[in-house]
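Data block below; observations after.
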Amino acid sequence: MKYTTRQKAILLLSDGTIFHGKSIGISGTTFGEVCFNTGMTGYQEIFTDPSYFGQLMVATNAHIGNYGVNDSEVESQSIKISGLVCKNFSFNYSREDASGSLEDYFNKQNLICISDVDTRALVSYIRDNGAMNAVICTDETPIEELKIALAKVPDMKGLELASKVSTTEPYFFGDENATYKIAVLDLGIKMNILRNLAKRDCYIKVFPFDSSYQDLAAFNPDGYFLSNGPGDPEPLSGAIQVAKEILVNNKPLFGICLGHQVIGLANGISTYKMFNGHRGINHPVKNIITGKGEITSQNHGFAVNKEELDNHPDLEITHLHLNDGTVAGMRMKNKNCFSVQYHPEASPGPHDSSYLFDQFIENIKG
């Protein structure tokens with residue numbers, strides 16, 4: 001095999017810490033909040049998940065790219081992460097049904113990547129110091145210039161990003177002759193959520209993030225869904241108002257991730273930015289209602305306030321994250337509404353929580 005010399009590259013954190021590595025060949029700089037995902041597989045689904053918009057992804061798995069990419073394994077139409085940090089980047093791949101290499105995939109979308117980084121040390125540092133803004137540089141821009149540019153990058157707290165990833169026009173998904181009609185507010189929805197609803201005999205109309213309740217209601221849906229997405233939920237005043245009106249009209253409502261947080265805010269429950277967040281496909285959750293445990297796929301940097309939720313007369317906690325006790329699910333006692341902080345559609349991840357889609361359909365029937 002021919003030996004290829006690769007350009008030196010750096011990851012500069014906002015506190016001035018520098019991690020060194022090598023470029024995979026795409027020159028430039030890219031900014032975002034640095035975070036890490038502990039999943040061993042499913043990197044293409046992660047890279048195309050709209051919830052990761054504006055983030056530099058650190059892969060804890062040592063090998064990225066070793067099974068290439070497949071055109072069917074996407075959660076949106078393009079890569080959504082701002083950049084990738086990894087240990088070993090595989091330029092070659094060995095999966096028989098791969099559509100191509102990860103290198104070509106990144107080149108087509110100009111996704112900047114730094115490899116040969118000590119990702120164990122980096123993840124340990126992020127765990128101790130929290131998620132923060134950072135820049136990947138593969139073009140030898142001077143450090144002082146990078147620091148000045150990095151200081152201008154807005155913090156994720158208070159940042160509205162749903163508008164960057166939501167559809168601009170309504171569209172349909174599924175069989176128009178299906179039994180149930182679902183109106184979806186797209187805050188950055190994953191394709192596998194739509195697939196899970198469609199295979200449960202649902203015809204779905206997906207609406208832009210700034211749609212009104214009247215827009216959604218004109219579809220005459222049997223149920224409403226608030227999707228996952230990136231950024232801080234607090235600036236989403238329109239989505240919060242939509243959730244309030246759905247609840248006033250007592251319509252079946254299901255929310256996932258950002259949608260879960262929006263439902264909390266619609267009920268007067270505050271949200272907060274987590275120190276690191278949860279990102280991976282092996283997070284343990286306990287279903288308080290059934291007493292059963294679930295291994296779940298998670299991707300979020302914000303959470304709803306557990307103390308306020310405990311004291312709310314109309315809400316109850318249904319799921320808890322077993323690592324840190326944060327709220328993983330809730331439901332309303334007086335409305336046909338429930339939500340979870342994690343991803344029952346998985347992709348990637350285990351299918352322990354797919355029953356939640358069935359629960360939504362049962363709520364609609366009821």
Side-chain angles (χ1 to χ4, degrees), residues 32-43 45-47 49-61 75 80-81 85 119 122-132 156-157 159 161 187-190 192-193 226-234 255-264 269-288 293-307 309 317-330 339-354 356:
E33 183 186 63
V34 66
C35 64
F36 59 89
N37 187 292
T38 57
M40 298 292 286
T41 61
Y43 53 72
E45 293 95 323
I46 292 167
F47 300 159
D49 181 348
S51 293
Y52 282 117
F53 185 86
Q55 294 182 310
L56 302 177
M57 175 55 57
V58 181
T60 62
N61 188 26
E75 291 303 317
K80 292 300 188 291
I81 61 172
V85 183
T119 49
L122 173 57
V123 170
S124 180
Y125 190 85
I126 298 170
R127 283 178 62 89
D128 290 342
N129 295 277
M132 65 184 79
M156 191 64 75
K157 174 64 177 174
L159 199 58
L161 293 177
L187 307 177
I189 196 163
K190 292 174 65 179
N192 210 41
I193 290 175
L226 304 183
S227 84
N228 62 293
D232 190 336
E234 286 191 10
I256 287 177
C257 199
L258 187 60
H260 160 83
Q261 297 158 15
V262 166
I263 290 172
I269 305 296
S270 66
T271 58
Y272 64 94
K273 189 177 188 298
M274 304 173 74
F275 191 62
N276 268 310
H278 298 148
R279 298 176 181 90
I281 56 177
N282 60 346
H283 287 256
V285 163
K286 182 178 181 180
N287 184 322
I288 305 301
E294 304 169 23
I295 303 302
T296 66
S297 178
Q298 303 210 4
N299 168 22
H300 61 101
F302 290 82
V304 298
N305 187 298
K306 183 176 183 294
E307 183 178 355
L309 188 52
I317 296 173
T318 57
H319 299 76
L320 284 175
H321 195 293
L322 292 179
N323 285 347
D324 58 12
T326 53
V327 176
M330 63 186 181
S339 61
V340 290
Q341 182 60 82
Y342 52 99
H343 288 267
E345 83 287 346
S347 192
H351 297 159
D352 296 26
S353 308
S354 61
L356 291 165

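Heavy atoms only: backbone and side chains are in, while hydrogens, waters and symmetry mates are out.
Checking Tyr52 against Asn37 by side-chain atom types alone, a donor-acceptor pair falls below 3.5 Å. In summary, the side chains of Ser347 and Glu345 do not present any donor paired with an acceptor at a separation below 3.5 Å, with no hydrogens or angles considered.
Contact record, Glu294 with Ser353: OE1-OG, 2.6 Å, taken as the closest heavy-atom pair. Closest of all the heavy-atom pairs between Gly264 and Met330 is N-CE, 3.4 Å. Scanning both residues, Lys286 and Leu322, for their nearest heavy atoms gives CB-CD2, 3.7 Å. Contact record, Ile189 with Pro50: O-CG, 3.6 Å, taken as the closest heavy-atom pair. Taking each heavy atom of Pro348 and Ser297 in turn, the nearest pair found is O-OG, 3.0 Å. The two residues Phe275 and Ile126 come nearest to each other via the heavy atoms CE2-O, 4.5 Å.
Remark: His278 pairs with His283, His300, His321 by the ring-ring contact (aromatic ring centres under 6.0 Å, His included) rule, at least two apart or across chains. With sequence neighbours left out, the ring-ring contact (aromatic ring centres under 6.0 Å, His included) criterion links Tyr342 to His319.
A heavy-atom distance below 4.5 Å is not found between the side chains of Leu159 and Glu33. The side-chain heavy atoms of Glu234 and Phe302, taken from C-beta on, include no pair separated by under 4.5 Å. Residues Ile46 and Arg279 form no side-chain contact, since every pair of their non-hydrogen atoms from C-beta on lies 4.5 Å or further apart. No side-chain heavy atom of Gln55 sits under 4.5 Å from any side-chain heavy atom of Ile81. Between Thr271 and Val304 the shortest side-chain heavy-atom distance falls below 4.5 Å.
Note that NE2 of His343 and CD1 of Ile256 are 7.5 Å apart. Values are rounded to the nearest 0.5 Å. Between atom CD of residue Glu75 and atom CG of residue Asn228 there is a gap of 8.5 Å, rounded to the nearest 0.5 Å. Distance check, rounded to the nearest 0.5 Å: CG of Asn61 to OG1 of Thr119 gives 9.0 Å. To the nearest 0.5 Å, atoms NZ (Lys190) and NZ (Lys80) are separated by 12.5 Å. Atom-to-atom distance recorded for Cys257:SG and Gln341:CD is 5.0 Å, nearest 0.5 angstrom. Atom OG1 of Thr38 and atom CG of Asn282 lie 4.5 Å apart (nearest 0.5 Å).
Other residues, nucleotides and ligands place more than 12 heavy atoms under 6.0 Å from the CE atom of Met274.
At least one donor-acceptor pair closer than 3.5 Å links the side chain of Asn276 to the backbone N or O of Arg127.
Between Pro344 and the choices Thr296, Asp352, Ile193, Leu356, the side-chain contact (heavy atoms from CB on, under 4.5 Å) rule is met once, by Leu356. A side-chain contact (heavy atoms from CB on, under 4.5 Å) with Val327 is found for one member of Glu307, His260, Gln261 and no other, namely His260.
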Go through the steps to decide whether Met132 and Val34 satisfy the test side chain to side chain contact (heavy atoms under 4.5 Å, CB included), and finish with yes or no. CA-CA 6 Å; Met132 65 184 79; Val34 66; 4.3 Å; yes
Quick one: do Lys306 and Ile317 satisfy side chain to side chain contact (heavy atoms under 4.5 Å, CB included)? Show the steps, please. CA-CA 8 Å; Lys306 183 176 183 294; Ile317 296 173; 3.9 Å; yes
